[in-house]
There are 2 protein chains.
Amino acid sequence: MSDAPSIVLDPVIHEAARLVIVSVLNECGAASFNFLLGTTGLTRGNLSAHMLRLVSSGYVHESKQIVDRKMLTEYRLTPVGRKAFAKYRAEWMRLTTGPKEQAT
Amino acid sequence: MSDAPSIVLDPVIHEAARLVIVSVLNECGAASFNFLLGTTGLTRGNLSAHMLRLVSSGYVHESKQIVDRKMLTEYRLTPVGRKAFAKYRAEWMRLTTGPKEQAT
DNA sequence: ATAAACTTGTCTGTGATACAGACTTGTTTG
DNA sequence: CAAACAAGTCTGTATCACAGACAAGTTTAT
């Protein structure tokens, strides 16, 4: 007696590149576009697209400022994003280290 | 001083459906095609394709037998697969709970 | 002022691939 | 022989990650 769809990992977070990004934001609090460029190794266009997806999913907040007379785009997790990441991690753990039932 | 590609999660294992499959095999030792059908919720064709990929990646061993006068295809992780899964988990952990360096 | 550099972003094309569902083959059972 | 079950194969579709070209705004150098 049991069967869940089982595949419930938030695709927005699960994708490898975004998983890196979200993890960094979760640890560092905030990170700039250029910093993320380095940590991910993505191209600019590509990173931009990933950030757009995270922002429009409501997981990340974007702030544009001028620092040192230069444009600076900074990102940080929203409360929703933080919660989603926590849920994703919990689901991942449950999945990869679930109870050992007998398979047929 | 530091920058690794950062995105090093084995794509064969990271994909959500296959992550479920590999996790199940890791816990249960062996599982049949029909059992995996239920736990994943995939269609037969789809599951077949995923299993093919896991088998041809050398992560899963496939055995076809006749049980109760019916065809039975069983899968289990190979030593290579088990090792790859362990590595994947280690990488995932490192990634999602890495050291808190200062971001720019 | 014009050019060069920096930061970010948009757009396009391409390749990979996950997925549903139809059809196929082989075996067993009524 | 027909119906049912197991396991695939095949096709078409949609998504999506990615590289790289180009655009736009700001700042610094000449």
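In this text, all values refer to a predicted model and were calculated from it rather than measured experimentally. Per chain, numbering begins at 1; letters A, B, ... match sequence-line order.
If you check every strand for non-hydrogen atoms under 4.0 Å, B:Q65 touches nothing. Residue B:Y75 is in sugar-phosphate contact alone, with no base atom involved, counting any heavy-atom pair closer than 4.0 Å across all strands shown. B:L47 comes within 4.0 angstrom of no nucleic acid atom, judged by non-hydrogen atoms across all strands.
Taking the nucleotide of DNA chain D with the nearest heavy atom to each of B:N46 and B:K70, the more 5' of the two is matched to B:K70. Between A:R53 and B:S32, the residue whose closest nucleotide on DNA chain D is further toward the 5' end is B:S32. For A:L52 and A:M71, each mapped to the nucleotide of DNA chain C holding its nearest heavy atom, the one lying further toward the 5' end belongs to A:M71.
For the atom pair B:T96 OG1 and B:W92 CH2, the distance stands at 4.0 Å (nearest 0.5 Å). Between B:R18 atom CZ and B:M51 atom CE the span is 10.5 Å, to the nearest 0.5 Å. Interatomic distance, CG of B:L77 versus CD1 of B:I21, reported as 11.0 Å (0.5 Å rounding).
Here the side chain of B:N34 is nearest to one of C:dT28, C:dG9, D:dA7, namely D:dA7. Among the nucleotides D:dT9, C:dG21, D:dC18, the one closest to any side-chain atom of B:T43 is C:dG21. Comparing D:dA17, D:dA7, C:dC19 by their closest approach to the side chain of B:R44 singles out D:dA7. Among C:dC19, C:dG9, D:dA17, the nucleotide with an atom closest to any side-chain atom of A:H50 is D:dA17. Taking every side-chain heavy atom of A:T73 into account, C:dG9 is the closest of C:dG9, C:dT17, C:dC19. Of the candidate nucleotides C:dA18, C:dC19, C:dT28, C:dA18 has the atom lying nearest to any side-chain atom of B:R18.
Residue A:L42 contributes atom CG, which lies 14 Å from atom P of C:dG9 at whole-angstrom precision. Atom-to-atom, CE of A:M51 to C1' of D:dC18 comes out at 17 Å; the value is rounded to the nearest Å. Atom P of nucleotide D:dA29 and atom CZ of A:R69 are separated by 12 Å, given to the nearest angstrom. Across the protein-nucleic acid pair, B:L37 atom CG and D:dC5 atom P stand 14 Å apart, rounded to whole Å. Across the protein-nucleic acid pair, A:I66 atom CD1 and D:dT28 atom P stand 11 Å apart, rounded to whole Å. The CD-P distance, from A:E15 to C:dA16, rounds to 17 Å in whole Å. Straight-line distance from the CG atom of B:D68 to the P atom of C:dT27: 17 Å, rounded to whole Å. When the P atom of D:dG25 is taken as reference, atom NZ of A:K64 falls 13 Å away, rounded to whole Å.
More than 12 heavy atoms of other residues, nucleotides or ligands lie within 6.0 Å of NE2 in B:H14, so this atom counts as buried by the packing criterion.
The backbone N or O of A:L19 sits less than 3.5 Å from a side-chain atom of A:S23, completing a donor-acceptor pair.
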